[in-house]
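Written below as structure tokens is the structure these notes are about.
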Amino acid sequence: MQPSETIEKQPDYYFLPYITLAHMFHAPKGWSIRNREMSQFVLQYVVDGFAYYPVGDFHYETRRGDLLFHRPQERHSILTVEDQPYVCISIVFHFGTQPFPYDDLFRNRHLLGNFADHPVDDMLSQLVAHYRQPGLPHQIRCQGLLLQIFAEAAQWGETYAARTRSDKPHIPKLVLIKNYLHDHYYEEVRMKELEHVSGLSKNYILALFRKHVGMSPMQYLTWLRVNKAKELAVQSNLSVSEIAERVGYADVHTFGRMFKKKTGLSLSRFCSNMIYS
């Protein structure tokens with residue numbers, strides 16, 4: 001559908017951007033798209049799994065956390081792999097007759113960054129959840145979240161190289177801490193353990209994390225637990241209480257409150273938002 005054809009079908013829009021699709025999609029086995037061209041802008045986010053994603057003459061291997069962007073009429077394909085799942089969030093949008101300064105924001109990039117364990121991951125899930133709800137307040141929340149995602153993606157591109165250069169000697173220790181959190185996300189983790197693992201002080205660890213990850217180590221641990229819970233919800237038949245226990249929560253109600261606070265929806269609603277065909 002052309003952008004001009006969508007406006008009269010969306011009476012609750014009073015300002016840009018116009019969002020015409022926002023959904024989570026679980027690709028069935030053997031699914032693929034080849035040489036498709038859209039008439040609107042697209043954000044494609046990998047929630048889980050892997051897919052090849054050619055856009056024009058560029059070829060990308062996309063994994064969990066990768067956020068891609070392509071413009072209207074850019075030919076693209078999404079090619080899944082037989083032994084890999086592929087769960088994605090697709091956001092289709094346009095700006096009516098107004099220009100969208102994508103080159104200023106994204107510097108001609110298609111791959112906008114990897115946002116696994118980052119607040120953008122939750123913004124995208126929240127956007128999908130609000131898009132499915134009727135009414136102007138939900139519509140405005142969707143538009144606000146999309147603008148936030150643009151800003152985060154633009155800032156990621158501007159600062160990634162500079163951040164990496166300035167703290168290069170300490171990046172291996174940051175990786176050690178992140179690996180420790182990945183290995184122990186289902187346990188109670190304390191800052192003293194992270195100091196011991198890295199040999200860095202608490203204050204320096206906090207500064208390093210905020211600069212490179214955008215949150216504190218304990219916030220990162222929470223994001224990690226949320227994403228592990230999403231993976232288990234997608235890939236297993238475990239109950240909510242079993243998933244809560246697997247990600248470090250003895251009390252399912254505490255887990256449920258945390259998950260909804262961070263994503264804007266319950267785990268059961270997250271699962272119901274997925275489209276399978």
Side-chain angles (χ1 to χ4, degrees), residues 1-10 12-25 33-47 51-79 86-116 118-131 139-164 214:
M1 185 177 292
Q2 295 296 322
S4 60
E5 297 174 318
T6 69
I7 296 175
E8 63 182 18
K9 299 178 183 296
Q10 298 174 293
D12 283 337
Y13 278 90
Y14 295 95
F15 58 89
L16 308 174
Y18 298 94
I19 303 172
T20 59
L21 177 68
H23 74 180
M24 187 179 296
F25 173 70
I33 286 176
R34 296 179 184 274
N35 298 322
R36 179 176 67 176
E37 294 182 12
M38 302 284 284
S39 60
Q40 302 176 46
F41 296 100
V42 177
L43 285 177
Q44 190 88 355
Y45 181 71
V46 184
V47 176
Y52 293 104
Y53 205 110
V55 183
D57 295 329
F58 299 90
H59 295 261
Y60 303 96
E61 296 183 0
T62 63
R63 295 170 174 81
R64 186 177 79 86
D66 284 342
L67 179 64
L68 278 100
F69 162 80
H70 52 86
R71 306 159 183 80
Q73 311 310 324
E74 280 196 299
R75 183 169 295 182
H76 61 280
S77 300
I78 308 173
L79 309 174
Y86 182 64
V87 183
C88 67
I89 288 175
S90 298
I91 313 294
V92 182
F93 62 96
H94 67 87
F95 285 78
T97 59
Q98 300 301 311
F100 175 37
Y102 49 79
D103 285 338
D104 291 337
L105 279 175
F106 304 141
R107 307 298 181 189
N108 295 310
R109 290 178 292 134
H110 294 115
L111 183 58
L112 301 185
N114 186 283
F115 296 95
H118 185 282
V120 163
D121 183 284
D122 289 332
M123 291 179 196
L124 287 156
S125 293
Q126 290 178 45
L127 196 161
V128 171
H130 285 293
Y131 186 80
Q139 193 67 65
I140 291 174
R141 285 186 181 274
C142 286
Q143 292 171 289
L145 285 164
L146 183 57
L147 292 173
Q148 282 184 270
I149 291 164
F150 292 158
E152 290 286 345
Q155 186 175 23
W156 191 96
E158 290 176 358
T159 60
Y160 178 75
R163 287 183 304 181
T164 302

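All figures in this text were calculated on a predicted structure; none of them were measured in a lab.
- Every residue meeting the side chain to side chain donor-acceptor pair (under 3.5 Å) condition with Ser90, not counting sequence neighbours, appears here in chain and number order: Gln44.
- Atoms CG and CZ, from Leu105 and Phe69 in turn, are 8.5 Å apart once rounded to the nearest 0.5 Å.
- Applying the salt bridge (charged side-chain N to carboxylate O under 4.0 Å, His left out) definition to pairs two or more places apart or across chains, those involving residues 34-44 are Glu37-Arg75.
- With no hydrogens or angles considered, no side-chain donor-acceptor pair links His70 and Tyr102 at under 3.5 Å.
- For the pair Ile91/Val42, no side-chain contact is recorded, criterion being any heavy-atom separation below 4.5 Å from C-beta on.
- Between Tyr45 atom OH and Met24 atom CE the span is 9.5 Å, to the nearest 0.5 Å.
- For the side chain to side chain contact (heavy atoms under 4.5 Å, CB included) test, residues two or more places apart in sequence or in another chain that qualify with Pro72 are Phe41.
- When only modelled atom types and interatomic distance are considered, Gln73 and Ser39 share no side-chain donor-acceptor pair under 3.5 Å.
- The salt bridge (charged side-chain N to carboxylate O under 4.0 Å, His left out) check on Arg141 picks up nothing, with sequence neighbours excluded.
- A donor-acceptor contact shorter than 3.5 Å is absent between the side chain of Gln40 and the backbone of Val92.
- With ring centers used as reference points, Phe93 lies under 6.0 Å from Phe150.
- Ring geometry for Phe115 against His118 counts as perpendicular: the plane angle is over 60°, on a 0 to 90° scale with 30° as the lower cut.
- Residue Cys88 holds its SG atom at 15.0 Å from CZ of Arg64, rounded to the nearest 0.5 Å.
- Taking CD1 from Ile89 and CD1 from Ile149, the interatomic distance works out to 8.5 Å, rounded to the nearest 0.5 Å.
- In this structure, the separation between CG on Leu67 and CD on Glu152 is 11.0 Å, given to the nearest 0.5 Å.
- Relative ring orientation between Phe100 and Phe106 is described as perpendicular, the plane-to-plane angle rising above 60° on a 0-90° scale split at 30° and 60°.
- Under the rule for a salt bridge (charged side-chain N to carboxylate O under 4.0 Å, His left out), the partners of Asp103 that lie at least two apart in sequence or sit in another chain are Arg71.
- By the side chain to side chain donor-acceptor pair (under 3.5 Å) test, Tyr60 pairs with His110, sequence neighbours left out.
- Partners of Asp122 according to the side chain to side chain donor-acceptor pair (under 3.5 Å) rule, which considers only residues two or more places apart in sequence or in another chain, do not exist here.
- Remark: Leu111 CG to Thr62 OG1 distance equals 8.5 Å, nearest 0.5 Å.
- Without hydrogens or angle criteria, Ser77 side chain to Asn35 main chain gives a donor-acceptor distance under 3.5 Å.
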